[in-house]
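One structure is given below, encoded as structure tokens.
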Amino acid sequence: MLQAPPGTRDLFEPEIHLWQSIEQTVRRVMALAAFSEIRTPIFEPTDLFARGIGEATDIVGKEMYTFTDRGDRSLTLRPEGTAGVSRAVIERKLLGGGGILRLWYMGPMFRYERAQKGRQRQFHQIGLEVLGCATARADAEAIALAQQILQELGIAHRTVRLNSVGTPEDRHVYRAALVDFFTPHQDKLDPDSRDRLTRNPLRILDSKDPQTQAIAADAPKLLDFLGTESRAHFDQVRSHLSDLGVDYVLDPTLVRGLDYYTRTAFEIQSSDLGAQSAVCGGGRYDRLLEQLGGAPTPAVGWAMGMERLVLLLEAQRGAIASGVEVYVVSRGGGAEAQSLVVAQNLRQQGIATELDLSGAKFDKQLKRASQSGATLALILGEAEVAQGVVQLKHLRDGTQVVVPWAEVVSHVQETLPAGWAIAKSGTLPT
RNA sequence: GCGAUCGUAGCCAAGUGGUUAAGGCAGAGGAUUGUGGUUCCUCCAUUCGUGGGUUCGAUCCCCAUCGGUCGCCCCA
């Protein structure tokens with residue numbers, strides 16, 4: 001039996017409606033804030049991620065879908081969006097000699113991991129990046145927009161966790177202090193944390209092991225190691241967030257997993273998610289573009305997990321109307337031929353029309369008509385064809401009228417309840 | 001990569017070491033020939049994820065394998 005690869009899934013009704021409405025909200029909020037969409041390739045040179053995300057990270061170390069193409073290039077399915085966007089900005093000189101660029105994106109990402117609740121191998125992210133701006137206002141705006149999207153989607157129980165991870169220089173000093181602190185206790189650390197002592201000491205701080213946590217409580221705090229500029233920047237971000245009415249909690253243990261973050265790091269979590277509680281994560285990455293060969297460019301951004309949004313919204317998802325206004329029923333050669341023409345005429349006038357192709361008996365087709373949620377059933381049999389008319393049946397009250405072909409469209413337009421033209425706007429009712 | 005747990009039709013879901021694997025939904029056909037969410041009848045898994053093994057005999061026991069789910073690691 002052929003099946004989809006592990007950690008991937010097919011999306012279709014009714015869940016797909018939820019995706020569409022999320023996408024719609026995102027587009028709207030991004031447009032309101034003057035962000036423009038960017039679509040970058042699904043795969044990029046492996047080196048882009050290795051250099052951008054960091055050789056030592058789990059993503060690069062064990063989670064990338066890497067392959068060699070027929071031209072002997074090493075390519076990788078993108079595990080996240082920021083590296084590709086940064087590459088595009090550099091390569092296309094989107095920032096020119098300066099200025100500020102606001103971009104957003106949405107699309108699939110790939111990481112080779114064991115699937116669990118809220119985590120897939122192919123997953124989808126919505127992301128936002130502000131490039132060319134070092135001020136704390138950019139950080140605050142980015143975080144506020146994430147909150148606005150979540151708010152408008154109706155996601156409750158959100159917590160913003162905020163931290164500053166300083167500059168690489170700050171962290172270098174802090175890292176040494178941490179190693180000094182933990183080394184005498186290393187026998188008492190859990191195995192994972194002992195391993196992290198050499199690989200990534202900062203990670204020990206958010207270990208879930210109780211004994212490790214007890215030890216870590218007295219560890220030096222990263223915030224105490226921030227340089228004066230990082231400190232000032234952090235204070236400004238906090239001040240702006242207060243001005244914006246964005247609630248947050250300081251979390252000194254919040255360390256993002258990607259090497260490129262500097263200063264601001266934040267995460268928005270929901271208590272309704274299970275083990276993978278973060279629905280949005282991001283921060284500032286002032287060194288990334290330079291590291292990728294571009295001009296030094298301060299930047300800040302975030303990414304949201306689509307699957308996690310969907311998970312949060314699924315509980316509150318109601319029944320979704322099909323959007324069909326007219327259901328066309330026909331039986332017999334001439335009638336079936338004419339039904340095709342009638343359906344086309346209706347659609348060309350923006351009336352959502354479903355054509356029953358089964359050729360089954362009228363009672364079967366009418367049953368489906370009422371199940372479809374359509375307002376009207378348009379009935380065409382040999383008798384109607386002989387007279388050049390159709391029967392238009394109002395499925396709510398059961399009334400039925402005979403309408404000549406030439407008047408079908410106008411009659412339907414008059415009969416449909418106000419709001420039918422929603423089909424013309426290209427949006428489905430949600 | 002590690003751990004736990006599960007895998008019966010499109011979906012939900014009973015079931016037992018032994019002739020024909022409940023039921024429900026959906027679907028198809030029909031109940032005097034063309035009219036709907038009701039009712040009634042009929043049909044719809046040579047087969048219980050896959051491959052081995054134990055057994056006279058396995059869907060039910062064992063092993064492997066492939067998937068799902070939840071968790072660890074890590075992350076959106």
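All values derive from a computational prediction rather than experimental measurement.
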Problem set entry | Nearest-neighbour nucleotide for the A:S370 side chain, B:G34, B:A76, B:G36 considered | B:G36
For this session: For B:A58 versus B:G24, give the span between their P atoms, rounded off to a whole number of Å.
Result: 31 Å
For residues 248-255 of chain A, please give each side-chain donor-acceptor pair under 3.5 Å, one per line with the distance, not counting sequence neighbours.
from   : atom 1 : to     : atom 2 : distance (Å)
A:Y248 : OH     : A:R238 : NE     : 3.1
A:D251 : OD1    : A:T253 : N      : 2.9
A:D251 : OD1    : A:T253 : OG1    : 2.6
A:D251 : OD2    : A:R161 : NE     : 2.6
A:D251 : OD2    : A:R161 : NH2    : 2.0

Problem set entry | For A:D47, all residues meeting salt bridge (Lys or Arg N to Asp or Glu O under 4.0 Å), sequence neighbours excluded | A:R51
Problem set entry | Counterpart residues, side-chain contact (heavy atoms from CB on, under 4.5 Å), relative to A:P168 (two or more places apart) | A:R171, A:T262, A:R287
For this session: Quick one: which residue pairs count as a salt bridge (charged side-chain N to carboxylate O under 4.0 Å, His left out) with a foot in residues 361-376 of chain A, not counting sequence neighbours?
Result: A:D356-A:R368
Problem set entry | B:G27 versus B:C11 - spacing of their C1' atoms, nearest Å | 11 Å
Exercise. Can you list the residues that meet the side-chain contact (heavy atoms from CB on, under 4.5 Å) rule with A:Q120, with sequence neighbours excluded?
Worked result: A:R9, A:F123, A:E307
For this session: Using the P atoms only, state how far B:C48 lies from B:C60, rounded to an integer number of Å.
Result: 9 Å
Problem set entry | Paired stretches of RNA chain B - 3 or more consecutive Watson-Crick or G-U pairs, each distance under 3.5 Å | B:1-7 with B:66-72, B:10-12 with B:23-25, B:27-31 with B:39-43, B:49-53 with B:61-65
Seminar exercise, completed: Residues at least two apart in sequence or cross-chain that pass side-chain contact (heavy atoms from CB on, under 4.5 Å) with A:D192, listed by chain then number, are A:D190, A:R196
Do any N or O atoms of the protein come closer than 3.5 Å to N or O atoms of nucleotides 27-33 of chain B, and which pairs are they?
from  : atom 1 : to     : atom 2 : distance (Å)
B:A28 : OP1    : A:R368 : NH1    : 2.8

For this session: Give a yes/no answer on whether the side chain of A:Q391 brings an N or O atom under 4.0 Å of OP1 or OP2 in B:U35.
Result: no
Problem set entry | Residues which pass side-chain contact (heavy atoms from CB on, under 4.5 Å) with A:R119, listed by chain and number, not counting sequence neighbours | A:E113, A:Q116, A:Q276, A:R308
Check: protein-nucleotides 1-7 of chain B nitrogen or oxygen pairs below 3.5 Å:
from : atom 1 : to     : atom 2 : distance (Å)
B:C2 : N4     : A:R114 : NE     : 3.4

Problem set entry | salt bridge (Lys or Arg N to Asp or Glu O under 4.0 Å) partners for A:R158, two or more places apart | none
For this session: Assign each of A:F362 and A:S277 to its nearest nucleotide of RNA chain B by heavy atoms, then name whichever residue's nucleotide is nearer the 5' end.
Result: A:F362
Side-chain donor-acceptor pairs of residues 133-141 of chain A under 3.5 Å, sequence neighbours excluded:
from   : atom 1 : to     : atom 2 : distance (Å)
A:D139 : OD1    : A:R284 : NE     : 3.2
A:D139 : OD1    : A:R284 : NH2    : 2.6
A:D139 : OD2    : A:T264 : OG1    : 2.6
A:D139 : OD2    : A:R284 : NE     : 3.1
A:E141 : OE1    : A:R102 : NH1    : 2.5
A:E141 : OE2    : A:R102 : NH1    : 3.2

Exercise. Side chain of A:Q365, base of B:U35: donor and acceptor closer than 3.5 Å?
Worked result: no
